[in-house]
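This report refers to the structure that appears directly beneath it.
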Amino acid sequence: DAGITQSPRYKITETGRQVTLMCHQTWSHSYMFWYRQDLGHGLRLIYYSAAADITDKGEVPDGYVVSRSKTENFPLTLESATRSQTSVYFCATGQGNNEQFFGPGTRLTVL
Amino acid sequence: GENVEQHPSTLSVQEGDSAVIKCTYSDSASNYFPWYKQELGKRPQLIIDIRSNVGEKKDQRIAVTLNKTAKHFSLHITETQPEDSAVYFCAASKGSGYSTLTFGKGTMLLVSP
């Protein structure tokens, strides 16, 4: 499981600030994903990437920006954080067989 | 898009009993159905999966069954133990090549000693 890491693990910020959550993998998996997890909603896909420089929207992309300049990194940026973005964020990786493996998560609180 | 419904939302059993969690999906093109276990404060972890060319798959005390006609699949845990207590998520994905997962909202399983 050390193959996928997220930082920071905990973050408190204020409304309107920009926040970047980092995801790094050592497996060289092609696919990377960002999910948010909220009580009553399960896991919802924010953005995903099939390869470097290829990204696509998921179910709940509004208010988020992603980039993938290198295969191993997939940062998620909240350009102007809102209280509704308080959540636990999970990064995941996968290969072509649809299996996905999750990172340890980042708990974000927006005050 | 795909919609995955999961029931029940909570399930309490006594140690040694069996537990069954059921999911239905909407898109008949879906062909991959994984189950994840998430312990409190931890990441979701893949515990078993099934693909549409198989009707049942077992791994020790856990099994998954798939009914493509009815568009539902189930997780069965036998001889439950307290360490089985967790939130379980089902998911579905479709298509040839890679496709994203759509998750159910989860089932909290509580196993009492």
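In the text below, chain A, chain B and the rest are named by the order of the sequence lines, each starting its count at 1. Both backbone and side-chain heavy atoms feed into the values below; hydrogens, waters and symmetry mates do not.
- Phe103(B) and Met108(B) fall within the same hydrophobic cluster, defined by Ile, Leu, Val, Met, Phe, Trp and Tyr side-chain heavy atoms under 4.5 Å apart, directly or through other members.
- Below 4.5 Å, heavy atoms of chain B meet heavy atoms from Gln37(A), Gly40(A), His41(A), Gly42(A), Leu43(A), Leu45(A), all part of residues 37-45 of chain A.
- In terms of heavy-atom proximity, Tyr32(B) sits nearest to Glu99(A) at OH-CG, 3.3 Å.
- A heavy-atom distance below 4.5 Å is found between the side chains of Leu101(B) and Tyr35(A).
- Taking a 6.0 Å sphere around CD of Gln60(B), one finds it holds 12 or fewer heavy atoms contributed by other residues, nucleotides or ligands.
- Distance CD/Gln45(B) to CZ/Phe101(A): 10.0 Å, rounded to 0.5 Å.
- For Gln38(B), the part lying near chain A is the side chain, with the backbone staying farther off; criterion is any non-hydrogen pair under 4.5 Å.
- Here the closest heavy-atom approach between residue Phe90(A) and residue Pro44(B) is recorded as CE2-CD, 3.8 Å.
- Proximity of Glu59(A) to Thr100(B): side-chain heavy atoms (C-beta onward) are nowhere separated by under 4.5 Å.
- Around the CD atom of Glu79(B), the shell of radius 6.0 Å holds no more than 12 heavy atoms that belong to other residues, nucleotides or ligands.
- Residue Leu66(B) is grouped with residue Ile47(B) when hydrophobic side chains (ILVMFWY) are merged at heavy-atom distances under 4.5 angstrom, including chains of intermediate members.
- The environment of CZ in Arg61(B) is crowded: more than 12 heavy-atom neighbours from other residues, nucleotides or ligands sit within 6.0 Å.
- Under the 4.5 Å side-chain contact rule for hydrophobic residues, Tyr64(A) and Val19(A) share a cluster.
- More than 12 heavy atoms of other residues, nucleotides or ligands lie within 6.0 Å of CD1 in Ile54(A), so this atom counts as buried by the packing criterion.
- By the salt bridge (charged side-chain N to carboxylate O under 4.0 Å, His left out) test, Lys22(B) pairs with no residue at all, sequence neighbours left out.
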